[in-house]
> 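Take this structure, written in structure tokens, and hold onto it; I'll ask about it next.
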Amino acid sequence: MVLQNVDILGTETPVNIRVCNGKIADINPASANGKIVHLSISFNNAIAFPGLINSHDHLDFNLFPALGGKVFSNYTEWGKHIHEAYKDEIAAITKIPAALRFQWGVYKNLLCGVTTVVNHGEKSGLTNMPITVFEETHCLHSVQFEKQWKVKLNNPAKKSLPVNIHVGEGTDAQSSKEIDKLIKFNILKRKLIGVHGVAMLGEQAQHFEAIVWCPETNFFLLNKTAPVNVLSNHTEILFGTDSTLTGNWNIWEQLRLARDTGMLSDEGLFATLNHNPTTVWKLNCGDIATGKDADLVVAKKPTGKNSYNAFFALNPVEILLVTHKGEISLFDEELLPQLHDMDLTGFSRVFFTDCCKYVKGDVPALIKQIRIHQPNTKFPVTINETIEV
């Protein structure tokens, strides 16, 4: 497969990207004569970038509406509040089978151009998904909510796995002390990936392999976010959306919120979605370079915008193509004439108003199954039962 005439983000010269055996084979100027391949897709005024890496999500929580309604001092206050104030809402969603909720969490990410998502919590059990569900971590919830967390943290049988844990999610003294407690009892000196870190100081950040920044969740719960401008001097910063319990389903809205804080440069924020997480999670993607996994996104360039201004202005509707390990996972209907020889078996259609996307997997069937259990469940897309070939 060759993606023709795309601008790699950060460059102004159109190129052709050839994909072979799931990896990027070569990148040449668009004017060059390349090898003849079975499938070539040509673009006009489009930007290409590595598939986004979402380093923190709870895949089974993405059918929830946002629950909170006030500002809290820490996550324990929030947890107690929602279980008291939103019992009916929580019961309505949790009666939907977890397998269905996990699957929708995957498609929420794919529709936004995410090709790797790190799931926090119980293992999803998902296989043959159109994106990578990364679960090669030792997930602990938090110091406050994880039973026997000290024993689990120092389990020698899991020493090779990074510890993925919510920490410092608050604005009070307890939240800061919690970070010190975690550092103190990390006797085996395991690699710590902290999620949130709102109360974290630079000297504490030195003890962490990375901090996952989830600004929308932080502002929603605490009206404050992690000082990533400071923490980035001491550790890697990754980007996470969290679930729809506390954040917008659309990662692009969250990225614009992050950009508006001014805490990271555009280059720095972009790196939280690719270079930084590939280093931390040890992935072979996150860059458009020969030999890397062909996890790619091509999107329409917003009118009048270039480089990072174009990237941060994007929304799911502008996404034209998503490939995962060299296979097409999503494409816009406008590409259909170029894909007339492609077998569409296994694809389904979803709609953003009048914009149609073809998605790998039976999303309409998934949505209908979910609505059997909870008819009022809302989705950001509508569905059409039939697919015209």
Side-chain angles (χ1 to χ4, degrees), residues 52-72 75 78-79 81-83 85-114 116-122 124 126 129-131 133-134 139 141 166 169 195-196 212-223 225 238-258 273 314-317 319 350 352 357 359 361 363 366-371 373-383:
L52 308 183
I53 300 172
N54 180 0
S55 288
H56 184 71
D57 201 346
H58 299 270
L59 290 179
D60 52 335
F61 290 173
N62 283 294
L63 291 172
F64 281 101
L67 301 179
K70 63 178 184 177
V71 176
F72 303 90
Y75 65 98
W78 171 76
H81 172 73
I82 65 168
H83 282 286
Y86 299 99
K87 289 181 180 179
D88 292 343
E89 290 86 346
I90 293 172
I93 299 300
T94 53
K95 78 176 185 180
I96 300 169
L100 300 180
R101 290 187 277 126
F102 275 122
Q103 288 178 61
W104 173 251
V106 167
Y107 284 105
K108 177 206 86 166
N109 279 277
L110 172 59
L111 290 168
C112 292
V114 171
T116 299
V117 59
V118 180
N119 181 47
H120 196 116
E122 295 296 324
S124 67
L126 297 173
M129 288 289 102
I131 66 174
V133 178
F134 187 84
C139 274
H141 186 278
H166 301 87
E169 189 179 3
V195 180
H196 299 305
V212 185
W213 188 28
C214 304
E216 183 159 3
T217 284
N218 301 157
F219 283 121
F220 180 75
L221 264 63
L222 311 167
N223 198 32
T225 193
L238 318 181
F239 194 86
T241 62
D242 226 324
S243 72
T244 56
L245 259 173
T246 54
N248 196 303
W249 77 275
N250 180 359
I251 192 173
W252 298 98
E253 292 287 357
Q254 298 201 27
L255 286 168
R256 284 187 280 274
L257 174 66
L273 299 159
L314 291 174
N315 277 301
V317 71
I319 294 175
V350 299
F352 294 103
K357 308 292 181 183
V359 183
V363 179
L366 174 62
I367 288 175
K368 284 185 280 187
Q369 284 180 299
I370 290 169
R371 284 182 170 155
H373 300 277
Q374 181 46 255
N376 297 323
T377 306
K378 295 181 180 179
F379 296 90
V381 293
T382 57
I383 58 174

> On a heavy-atom basis, which atom in Thr217 and which in Glu169 lie closest, and how many Å separate them?
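Where Thr217 meets Glu169 most closely, the heavy atoms are CG2-OE2, 4.0 Å.
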> Look only at the side chain of Asn315 and the backbone of Val317, and say whether a donor-acceptor pair between them is shorter than 3.5 Å.
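Flag not set: sc Asn315 to bb Val317 has no pair under 3.5 Å.
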> Compare all side-chain heavy atoms of Leu366 with those of Leu100 and state whether any distance is below 4.5 angstrom.
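Result yes, sub-4.5 Å side-chain heavy-atom pair found.
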> Any heavy-atom pair between the side chains of Trp249 and Pro316 that's under 4.5 Å?
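With C-beta onward as the side chain, the pair touches.
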> I need the Trp78 CH2 to Thr246 OG1 distance, nearest 0.5 Å.
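Answer for the CH2-OG1 pair, Trp78 versus Thr246, is 6.0 Å.
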> When rounded to the nearest 0.5 angstrom, what distance separates SG in Cys112 from CD1 in Ile251?
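The CD1 atom of Ile251 is 6.5 Å from SG of Cys112, to the nearest 0.5 Å.
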> Do Ile53 and Phe239 come within less than 4.5 Å of each other through their side chains, counting heavy atoms only?
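Answer no - side chains too far apart.
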> So, do Phe352 and Val381 sit near enough that their side-chain heavy atoms are less than 4.5 Å apart?
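Counting from C-beta outward, Phe352 and Val381 do come under 4.5 Å.
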> Could you tell me if the side chain of Leu273 sits less than 4.5 Å from the side chain of Leu255, heavy atoms only?
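Result yes, sub-4.5 Å side-chain heavy-atom pair found.
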> Please report the C-alpha distance between Asn109 and Leu59 in whole Å, then the side-chain angles of each, then the deciding distance to 0.1 Å, and finally whether the side chain to side chain contact (heavy atoms under 4.5 Å, CB included) criterion is met.
CA-CA 9 Å; Asn109 279 277; Leu59 290 179; 3.7 Å; yes
> A side-chain contact here means heavy atoms from C-beta on lying under 4.5 Å apart; do Thr377 and Trp104 qualify?
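Not touching, per the 4.5 Å side-chain cut-off.
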> Are any non-hydrogen side-chain atoms of Thr241 and Glu216 less than 4.5 angstrom apart?
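When only atoms from C-beta onward are counted, Glu216 and Thr241 do not touch, as no gap falls below 4.5 Å.
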> Test Asn62 against every option in Ile93, Leu245, Asp57 by the side chain to side chain contact (heavy atoms under 4.5 Å, CB included) rule and name the one that passes.
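It is Asp57; the other options fail the test.
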> Can you tell me how far CG of Asn119 sits from CG of Asn54, rounded to the nearest 0.5 angstrom?
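Those atoms lie 10.0 Å apart.
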> To check you understand the geometry: which heavy-atom pair defines the closest contact between Arg101 and Ile96, and what is its length?
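Here Arg101 and Ile96 meet closest at NE-O, 2.9 Å.
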> Between Gly240 and Val212, what is the shortest heavy-atom contact and its length?
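Shortest heavy-atom separation between Gly240 and Val212 comes out as N-CG1, 3.7 Å.
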> Tell me if a side-chain donor or acceptor on Gln374 pairs with a main-chain N or O of Lys95 at a distance below 3.5 Å.
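Answer holds: no.
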> Quick one, Phe72 and His81 - any side-chain contact, counting heavy atoms below 4.5 Å?
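The answer is yes; the side chains approach within 4.5 Å.
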> To the nearest 0.5 Å, how far apart are CD1 in Ile319 and CG in Leu52?
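The CD1 atom of Ile319 sits 7.0 Å away from the CG atom of Leu52.
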> Can Leu257 and Thr225 be said to form a side chain to side chain contact (heavy atoms under 4.5 Å, CB included), step by step?
CA-CA 11 Å; Leu257 174 66; Thr225 193; over 6 Å; no
> Taking the inter-plane angle between the rings of His196 and His166 on a 0 to 90° scale, is it parallel (under 30°), tilted (30 to 60°) or perpendicular (over 60°)?
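Plane angle under 30°, so parallel.
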> Of all heavy-atom pairs between Tyr86 and Gly68, which one has the smallest distance, and what is that distance?
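Of all heavy-atom pairs spanning Tyr86 and Gly68, the closest is OH-O, 3.3 Å.
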> Measure the spacing between CD1 of Ile90 and CD1 of Ile82 and express it to the nearest 0.5 Å.
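The distance works out to 4.5 Å.
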> Who are the salt bridge (charged side-chain N to carboxylate O under 4.0 Å, His left out) partners of Arg371, not counting sequence neighbours?
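Arg371 satisfies salt bridge (charged side-chain N to carboxylate O under 4.0 Å, His left out) with no other residue.
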> Tell me, please, which residues at least two apart from Asp60 pass side-chain hydrogen bond (donor to acceptor under 3.5 Å, both in side chains).
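For Asp60 there are no side-chain hydrogen bond (donor to acceptor under 3.5 Å, both in side chains) partners, ignoring immediate neighbours.
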> Looking only at heavy atoms, what is the nearest atom pair of Tyr107 and Gly361, with distance?
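Here Tyr107 and Gly361 meet closest at OH-CA, 3.3 Å.
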> Atom NE2 of His373 and atom CG of Leu63: how far apart are they, to the nearest 0.5 Å?
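One gets 11.5 Å once the value is rounded to the nearest 0.5 Å.
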> Walk me through it: do Phe379 and Val350 pass the test side chain to side chain contact (heavy atoms under 4.5 Å, CB included)?
CA-CA 11 Å; Phe379 296 90; Val350 299; over 6 Å; no
> Any idea which heavy atoms bring Phe64 and Thr244 closest together, and the distance?
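Looks like O-OG1, 2.7 Å.
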> In terms of ring plane angle, is the pair His58 and Phe61 parallel, tilted or perpendicular, where the classes change at 30° and 60°?
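Parallel: the ring planes of His58 and Phe61 meet at under 30°.
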> Under the salt bridge (charged side-chain N to carboxylate O under 4.0 Å, His left out) rule, collect the residues that match up with Glu122, sequence neighbours excluded.
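Partners of Glu122 by the salt bridge (charged side-chain N to carboxylate O under 4.0 Å, His left out) criterion come out as none, since no residue qualifies.
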